[in-house]
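This structure is a prediction, so every number in the text was calculated from the model and none was measured.
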Amino acid sequence: MRYPDGGGLTVKQRVQRELVRLEAAGLFAQGVAPPVVARRLRVSRKSAYAWYAAWREGGVDALRSKGPSGRPSRMKPSWRVWLEQALEEGPAAHGWVEDQRWTTARVAVLVARRFHVRFSDVQIWRILRQMGFSVRVPVHRAAERDEEAVATWRKETLADGGKTVRDQDAWLCFEDESGQSLRPPKARTWSRRGHSPVVRVNGKGSGRVSLAGMVCTRPGRRTRLVFRMLVHHGRKGEKKGFREPDFAALLDAAHQQLGGNIVLVWDNSTQHKDAAMRELLADRQAWLTVFRLPPYAPDLNPAEGVWAHAKKSLGNLAAGTTDQLAAHTRTRLKRMQYRPALLDGFIAETGLTLTPP
């Protein structure tokens, strides 16, 4: 049973607590003193003495669970099932179109509309916690995203890519680009209550670090990360980002480091599919096969996880110059190169089944 009939504990939690009390009863029967029982079971002495007194008067049965305390919850199990489905549909499906946030007040209104029972915000908070819900930061999805196209891509294109990987005994590589300016991402830190911490950053200049990387996987081999970096200081005539020859150089470097054929998966950026890039890819077709991700589906690319992890580690970084920022970024990425399990986690996060049968 998933939900409690009432009280603050779930059925599983009540069973676990009952097992601890029954273990204490067994120790009492062996003549173990309550303070020793408290240390062994990691409970308070007050609880151990209370259990000992109950055990002396009523034996083991006195320590068995008597079920949930308090009045039975008005939120019936069948109502919880309906509420879980309604919450998964999102606020817009139930009339809140101005933003996509579930609040306890909105959930209370939703339940009242359906079952004509009004719960307070505190009661709704407890009910949601019992149902396994918590406050989470949402993942953004583009409104233009075509879920049917994504499903088709998973079923057909990814299957074709997997077949190519098996037939050519190739590496499956996911490529993506990112960048970081001198203004670092914000990260949580300790501060006195009511006072927002201040991180002083360099607000001058237009320096930027541009990144291009590939997460490469192959059955029986450790997952690899290959990346290249461009540092732009804001000087006249300086290259501001990756161009087609830079992507070709990245592919050549990956081919040399991996030592085998490559099946490349990347997005539909203009620089990935223009005439210049098509010509460069054609020159490498002996060892390179290219597949494209569906539009507006960055969550299918493990390289996105690399950039997110790197930027999180740069949170509140007070870099004075672009070169300092580049050095810190390079260090973070090199650390990830020595953590293949972390790279495997980025792949698992996409939900893609990449291991050939």
Side-chain angles (χ1 to χ4, degrees), residues 88 132-142 145 147 150-151 153-155 157-159 161-166 169-180 184-189 209-229 250-251 253-255 257-267 269 291-294 296-317 328-357:
E88 294 293 341
F133 283 76
S134 63
V135 179
R136 306 292 297 273
V137 178
V139 176
H140 287 178
R141 290 283 173 84
R145 179 186 175 105
E147 295 295 344
V150 172
W153 184 90
R154 286 175 176 270
K155 182 178 180 180
T157 307
L158 186 62
K163 184 176 183 301
T164 305
V165 169
R166 294 192 298 273
D169 193 24
W171 287 82
L172 180 60
C173 300
F174 293 83
E175 193 276 346
D176 192 40
E177 304 89 50
S178 183
Q180 180 60 51
K186 293 181 180 179
R188 293 183 178 182
T189 183
V209 173
S210 297
L211 301 164
M214 301 168 59
V215 177
C216 307
T217 180
R218 182 178 176 181
R221 304 286 292 274
R222 69 180 180 89
T223 305
R224 305 282 292 274
L225 170 63
V226 182
F227 71 90
R228 288 295 181 269
M229 178 185 298
L250 173 63
L251 294 173
H255 180 230
Q257 292 182 35
L258 300 175
N261 294 338
I262 293 177
V263 174
L264 175 65
V265 181
W266 60 5
D267 59 28
S269 171
F291 293 90
R292 302 193 185 279
L293 288 164
Y296 304 104
D299 54 293
L300 299 179
N301 195 337
E304 291 283 348
V306 173
W307 309 138
H309 186 81
K311 290 190 176 184
K312 184 177 180 180
S313 67
L314 295 173
N316 297 345
L317 175 68
H328 286 292
T329 305
R330 185 179 291 106
T331 299
R332 269 60 168 186
L333 293 175
K334 283 186 173 294
R335 287 176 183 173
M336 279 189 269
Q337 287 181 321
Y338 291 95
R339 298 179 62 187
L342 178 63
L343 301 176
D344 291 336
F346 298 145
I347 297 175
E349 191 176 16
T350 66
L352 301 178
T353 303
L354 304 177
T355 304

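With a 4.5 Å cut-off on side-chain heavy atoms, Val263 and Trp171 do not count as touching. At a threshold of 4.5 Å between non-hydrogen side-chain atoms, the residues Phe174 and Ile347 do not count as touching. Within the 4.5 Å cutoff, side-chain heavy atoms of His309 are placed close to those of Phe346. At least one side-chain heavy atom of Leu258 sits under 4.5 Å from a side-chain heavy atom of Cys173. Under the 4.5 Å side-chain criterion, counting only non-hydrogen atoms from C-beta, Met214 is in contact with Leu251. Taking the side chain as every heavy atom from C-beta outward, Leu211 and Trp307 approach each other to under 4.5 Å. Thr350 has its side chain out of reach of Asp299: every pair of non-hydrogen atoms, C-beta onward, lies at least 4.5 Å apart. Residues Val306 and Leu333 are in side-chain contact: their nearest non-hydrogen atoms beyond the backbone lie under 4.5 Å apart.
Under a 3.5 Å cut-off, the side chain of Arg154 and the backbone N or O of Ala159 do not form any donor-acceptor pair. Side-chain atoms of Trp153 come within 3.5 Å of backbone atoms of Arg292 as a donor-acceptor pair (strictly under, hydrogens ignored). In terms of modelled atom types and a separation under 3.5 Å, the side chain of Glu177 and the main chain of Ala212 share no donor-acceptor contact. At least one donor-acceptor pair closer than 3.5 Å links the side chain of Lys311 to the backbone N or O of Gly179.
When all heavy atoms of Glu175 and Asn301 are compared, the pair lying nearest together is O-ND2, 2.9 Å. In terms of heavy-atom proximity, Glu304 sits nearest to Pro298 at CG-O, 3.2 Å. Residues Ala310 and Arg332 come closest through the heavy atom pair O-CG, 4.5 Å. Contact record, Gly213 with Ala303: O-CB, 4.5 Å, taken as the closest heavy-atom pair.
More than 12 heavy atoms of other residues, nucleotides or ligands shown are found within 6.0 angstrom of CD on Gln257.
In this structure, NE2 on His255 lies 12.0 Å from SG on Cys216, to the nearest 0.5 angstrom. Here the straight-line distance linking atom CD of Gln180 with atom NE2 of His328 works out to 12.0 Å at 0.5 Å rounding. Annotation: the span from Thr164 atom OG1 to Asp169 atom CG amounts to 12.5 Å, rounded to 0.5 Å. Atoms CE and CZ, from Met336 and Arg339 in turn, are 8.5 Å apart once rounded to the nearest 0.5 Å.
No salt bridge links Asp344 with Arg222; every basic N to acidic carboxylate O contact stays at or beyond 4.0 Å.
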